[in-house]
Amino acid sequence: MATPTGAVFEKPGTLRTRVEEFLRTSIMDGRIKGGERLREQELCDQLSISRSTLREALRTLEAERLISIEPHRGPTVVRITEKAARDLYALRALLEGFAAHEFARLASDADVERLRKAVDALHRQAKGNNKSALLAAKRDFYDVLLSGCDNDLIKDMLPGLLSRINLLRATSFARADRLPESMAEIDLIFERIRARDPQGAQSAAQSHIVNAERTALEVLKRQQQETSDSEGDRPETKGRGNPGSAG
């Protein structure tokens, strides 16, 4: 069938994908906080979209475990717990450490050059103040790493975790001195890969993740304490006794 003159074809998923990315980035940047409700009507009005488009995007974010959708409450941004962070970083250490090992062992010279360019781009973004661009550059680094490790299972397993990894990565950057440390660790990973040292690359990648985990947990604990203090200052919570304590 001929295309009508002047008609513009747009894939059905295009608008939904843009909505997904807007919400995902807002969560990554901290503009929407953990535990915050997403009010559908307000979002529809703000973005000039239909409720059906919004709900399709929300289902994607729910599958990524960035939000939870509860009956009679609606969508809420997931609040990362200490246990969830520990579980996620443990899995990262296993998968990304092995990916670095295999990349050093199997990647072509062209792949190593692509990784060098990704590291250079990451350094450029680290000098600026755009957290979204910095996180995007780090995603690009890992995309190259995963594509060159030649392990389809790792590439299949990680996509479902990437958004939560990025959320925790955004949290770990919250300590002012963490970024220079992180960049030095990534440089070491690349140096070991360029030297074709699989064990050294794996060790460097796992050390990087252990350090990121330590920082992220420090930030999470501080955030939890601030939340607890804030809730304790609310009038309705003042004066309540601890039901688990003796008088």
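Leu94 and Val210 end up in different hydrophobic clusters when Ile, Leu, Val, Met, Phe, Trp and Tyr side chains are linked at under 4.5 Å. Cluster membership for Val112 and Leu106, using ILVMFWY side-chain heavy atoms within less than 4.5 angstrom, is not shared. Follow the hydrophobic side-chain contacts under 4.5 Å out from Ile69 and you reach Ile49 in the same cluster. Cluster annotation: Leu179 and Tyr142 are assigned to the same hydrophobic cluster (Ile/Leu/Val/Met/Phe/Trp/Tyr, side-chain heavy-atom contacts under 4.5 Å, transitive).
Between Glu64 and Arg24, at least one side-chain N (NZ, or NE/NH1/NH2) sits under 4.0 Å from a carboxylate O, which counts as a salt bridge. Comment: Arg116 engages Glu113 in a salt bridge, judged by a side-chain N to carboxylate O separation of less than 4.0 angstrom. Classification of Arg214 and Glu218 as a salt-bridged pair fails, no side-chain N sitting under 4.0 Å from a carboxylate O. Using a cut-off of 4.0 Å between Lys/Arg side-chain N and Asp/Glu carboxylate O, Asp152 and Lys155 are scored as salt-bridged. The residues Arg105 and Glu102 are annotated as salt-bridged, a charged nitrogen and a carboxylate oxygen being separated by less than 4.0 angstrom.
Here the side chain of Arg196 pairs a donor or acceptor atom with the backbone of Ala104 at under 3.5 angstrom. Although no hydrogens or angles enter the test, the distance criterion places no donor-acceptor pair under 3.5 Å between the side chain of Ser182 and the main chain of Arg178. Remark: side-chain polar atoms of Arg37 are not paired, donor with acceptor, to backbone N or O of Gly74 under 3.5 angstrom. A donor-acceptor pair is defined here as one N or O able to donate and one able to accept, closer than 3.5 Å; no such pair exists between the side chain of Glu191 and the backbone of Leu188. Without hydrogens or angle criteria, Ser207 side chain to Ser203 main chain gives a donor-acceptor distance under 3.5 Å.
In this structure, Asn129 places its CG atom where only 12 or fewer heavy-atom neighbours from other residues, nucleotides or ligands lie under 6.0 Å away.
In this structure, Phe141 and Ala118 approach most closely via the heavy-atom pair CA-CB, 3.9 Å. Across every non-hydrogen atom of Arg114 and Ser147, the tightest pair is NH1-OG, 3.6 Å. Across all non-hydrogen atoms, the minimal contact from Glu56 to Glu20 is O-OE2, 4.4 Å.
For Glu185 and Asn211, the side-chain atoms include at least one donor-acceptor pair closer than 3.5 Å.
Between Val78 and Leu66 there is no side-chain heavy-atom pair separated by less than 4.5 Å. Residues Leu43 and Leu23 have side chains in contact (heavy-atom distance under 4.5 Å, counting atoms from C-beta outward).
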